[in-house]
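The block underneath contains the structure these notes are about, expressed in C-alpha cells.
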Amino acid sequence: MENLKNYLFELCSEYAPSGREELLVSLERLVRPMADKLYRDRAGNLIAVKYSKIPGAEKIMLDAHADEVGLVVTGIDERGFIHFANHAGIDDKILPASAVTVLASRPLHGVVATLPPHLLKDADSEKTIKSKDMVIDVGYDEKTVKELVRAGDFIALRSVCTDLQNRLVLGKSFDNRASCAVLVQVLAMLCSVRPRYDVYMVFSAAEEFGGYGAHTAAFEIAPDEALILDTTFAVSPYTDKSKGRELGGGCAVGISPILDTHMTEAVIGVARSHAIPYQTEVMSGKTGTDADNVTCARDGVPCALLSIPLRYMHSAGEIVSLSDMENTVRLILGYVEYRGGNRIE
Amino acid sequence: MIDEIRKLVSVNGVSGNEKNVCEYIKSQIIPYADKVYTDVLGNLVAVKRGGKKRIMLMAHTDEIGLVSTFIDEKGFVRAAAVGGVSPQNFRNCHVTFENGVRGVFVCEKNDSKMQDCYIDIGASSFDEAVSKIDIGMTARFDADTFESDSVIVSKALDDRLGCYILMETLKKMPVTDNEVYFVFTSQEEVGLRGAKVSGFDINPDVAIAVDVTVAADTPGCDSYGCRLHGGAAIKIRDASAICSASVVEALESAAREHDIPFQRDVLTAGGTDIGAVQTGGRGALVGGVSVAVRNVHTVSETASKSDIRAAVGLLCAYIEKEVENKA
C-alpha cells in the first residue's frame with residue numbers, strides 16, 4: 001500500500017467544492033486504468049465499476065464523496081476585493097487569514113483579509129466576524145479581478161499536504177479525499193483478487209451540500225448493499241473519547257438505527273476474523289453522511305458506514321492517520337472478497 | 001403583461017389549494033400544448049412533444065398565506081402560517097379566505113409571532129364567525145396590483161410571475177428537437193413537494209426552475225446580489241440546489257447569442273423546485289432562471305418588466321438548443 005499516501009496527496013492537490021466535482025481531474029486519471037468501466041453521471045458522480053467474475057454476483061456500492069467544503073463569490077467591490085458567502089460546510093470562525101483559492105477563469109490564490117492586532121480596537125478583538133463582512137484579497141486591482149472572477153465562482157481552502165509524526169498527515173479536504181484514496185487503493189488491489197460482488201465505486205457529488213449525488217447514484221445503480229466511507233471526529237485537544245474516535249485506532253464502524261444491523265455485524269466479523277483494528281461509533285439516528293440518503297433510495301438499500309477518524313474537520317488543517325486508512329482498505333477488501341454472495345438473514 | 005399578471009395573482013392559491021390557479025392557467029394554455037394533465041399532488045403539466053431530450057420548466061402555482069386554526073369566543077380567527085410568512089411583513093394586510101370572506105390580519109404587538117396575530121373578519125360573535133368560515137380554510141393576502149413604466153408591483157409575484165413566464169414561453173414556443181414539459185408545480189412554499197413527484201414522474205434530462213430571486217439593490221441591503229433591471233437572473237446556486245455547470249453555461253451562451261441581458265444569481269438562503277428534482281429519483285441536470293424581486297414575501301413584490309421579458313426570451317433561446325448531457 002505504498003501508493004496510498006501518494007493517492008491522498010495527489011487528490012488533495014486539487015479543489016472540488018460541492019457541485020464542481022469534475023475539477024478533481026487526478027481522481028479520473030488514477031482510476032481510469034484500473035476500472036472495467038468508468039463514467040461521470042449528470043449529478044457529477046464519478047462511477048468506477050469492477051465486475052465480479054462470478055455469474056449473478058450481487059451489486060455493492062462503495063461510496064466516498066469527492067466534494068469538499070467551500071465558499072462562493074457573491075460580488076467584487078470597487079477596490080477589487082472579493083465578497084463571498086458560505087457555500088458548503090465552512091464555519092466563519094476559521095476563515096480570517098485563511099489561504100484560499102478562487103476557482104475563477106483561472107485559479108487565483110488569495111487570503112481572507114484581516115486587520116492586524118495593532119490596529120484592532122479592544123472591543124473589536126472580542127467580536128466574531130461574519131463571512132458577509134469579510135473579503136478575499138487576491139492582489140489584483142478591480143479591473144483585473146472583474147475580468148477573471150464572476151459571482152458564482154467557487155472558492156476552496158488552500159494548504160499543502162504535510163507529513164507529521166507517527167504516520168499522521170496534515171492537509172485540506174482529507175474529508176473526504178482520505179476515503180477516496182482508500183477506494184483508489186481498494187480498486188488497485190481488487191485487480192488481483194476475485195471480488196464476490198460487482199463493485200460500483202461512487203465518488204459522489206455534493207455530500208457537503210446535502211448529498212444529492214449519492215442519492216441519485218443509488219437510485220440509478222440500485223445496489224444490493226452499500227458501504228459508505230466518510231470521515232468522523234477524532235479525539236482532539238478539545239474533545240475526549242466520549243466525543244471522538246482514536247486517531248490510529250482503526251476506522252470507525254458506524255452503529256445507528258438507520259444502518260443495516262446484519263451488514264454492520266458482518267463488517268465487524270470481517271475485522272475480527274482478519275485481525276484488522278477497528279473502533280465503533282454509535283449514532284442515534286442520522287449519520288451526517290451519504291448513508292442517510294442511500295438507505296432511502298428506491299425501495300431501500302442496506303448500508304454500513306466506515307469512517308476514518310480525522311481532527312479539525314472542515315478546515316485547511318485536517319489530520320488523519322495513514323495506518324487508519326490502510327486498515328480501512330483491508331477491511332473493505334475483506335468484506336468485498338470474503339463475505340459476498342447470499343445475504344445473511 | 002400587467003393584465004395577464006393581474007389575472008394570475010387575483011386567484012387564491014395558498015399552498016395545497018392551487019386548484020383554481022391551475023384551472024385558470026389550463027384555460028389559457030390548452031390551445032398551445034400537445035397534452036395537458038394534472039397529477040395527484042396538483043401539478044399542472046403541459047407537454048410540447050419533441051425529440052428524445054426532455055426539458056422540464058417549473059414555476060410554482062402556490063403562494064404563501066394563512067390557514068385558520070381557531071376561532072375565539074369573540075369571533076376573532078387565529079391562524080398559522082403556510083410557507084414563509086413573517087407576521088410583521090403583513091401587518092394590517094387585507095386577507096381573503098378561499099370562500100371569499102374578507103378580513104384584516106392584525107399583530108397584537110410590534111414583535112408579534114404568529115400566535116400573537118389574528119384575523120378580524122368583522123364578526124360580532126363566535127357564532128357569526130363560525131357561520132362564515134371553517135377551521136382549516138386558507139386565506140391569501142390581498143393588495144392592489146399596479147405598474148409604472150418599468151416595474152410591476154403586486155402580491156404573489158412569487159411565483160405567479162414564473163407561471164406567467166412559462167405561459168408566455170409556451171405561447172412563443174420556438175421550433176426545437178427537445179420535448180418540453182411546462183410544469184406548474186404545487187406546494188413549493190411548504191417544501192418543494194409538487195416538484196419532487198413531478199420530477200420523478202417526468203424524469204427529465206434537464207430541469208429548470210423559473211422563480212423569483214431576491215433583489216439586493218435597495219437601501220439598507222448590505223450584501224451583493226441581483227438588481228432590478230439587471231436582466232434575467234441565471235442561478236448558480238441557492239440553499240436547495242447547485243446548478244449544473246453545463247446548464248449555467250448553456251443558459252449564458254443562449255443569452256449572449258440572442259443579446260438578452262442577464263445577471264448571475266448566487267442565492268445564500270431560500271430554495272427552488274430544482275432542489276427537489278436534483279435529489280429525487282435519477283436526478284437531473286438543473287438550472288434556474290429567475291426574476292429579481294424587491295420585497296419578496298410581502299404584498300408589494302416589485303419586479304422589472306424588462307427582466308420579465310428577458311426571462312421569457314432566455315427560456316425560448318435555451319429550449320431551442322441541443323441539450324448536452326453532462327454535469
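Here is how names work: the chains are called A, B, and so on, in the same order as the sequence lines, proteins then strands, and each is numbered from 1. All of these numbers come straight from a predicted model, not from anything done at the bench.
Proximity to chain A is limited to the backbone of B:Ala239, based on heavy atoms less than 4.5 angstrom apart. With a threshold of 4.5 angstrom between heavy atoms, A:Ala43 approaches chain B through N, CA, C or O but not through any side-chain atom.
Surrounding OH of B:Tyr37 are more than 12 heavy atoms belonging to other residues, nucleotides or ligands, all under 6.0 Å away.
B:Ile242 and A:Ala206 make their closest contact through CD1-CB, 4.3 Å (heavy atoms, listed as atom of the first residue, atom of the second, distance).
Listed options A:Gly75, A:Ala214, A:Ala88, A:Gly210 were ranked by heavy-atom pairs under 4.5 angstrom with chain B; first place goes to A:Gly75.
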Pull every donor-acceptor pair under 3.5 angstrom between chain B and chain A and give the atom names with distances.
| residue | atom | partner | partner atom | Å |
| --- | --- | --- | --- | --- |
| B:Asn203 | OD1 | A:Arg42 | NH2 | 3.4 |
| B:Pro204 | O | A:Arg42 | NH1 | 3.4 |
| B:Asp222 | OD2 | A:Lys132 | NZ | 3.2 |
| B:Arg237 | NE | A:His87 | ND1 | 3.0 |
| B:Arg237 | NH2 | A:His87 | O | 2.7 |
| B:Arg237 | NH2 | A:His87 | ND1 | 3.3 |
| B:Cys243 | O | A:Arg20 | NH1 | 3.1 |
| B:Cys243 | O | A:Arg20 | NH2 | 3.3 |
| B:Glu252 | OE1 | A:Arg150 | NH1 | 3.2 |
| B:Glu252 | OE1 | A:Arg150 | NH2 | 3.1 |
| B:Arg264 | NH1 | A:Ala151 | O | 2.8 |
| B:Gln278 | NE2 | A:Tyr212 | OH | 3.4 |
| B:Thr279 | O | A:His215 | ND1 | 3.3 |
| B:Arg282 | NE | A:Glu220 | OE1 | 2.9 |
| B:Arg282 | NE | A:Glu220 | OE2 | 3.2 |
| B:Gly283 | O | A:Arg42 | NH2 | 2.9 |

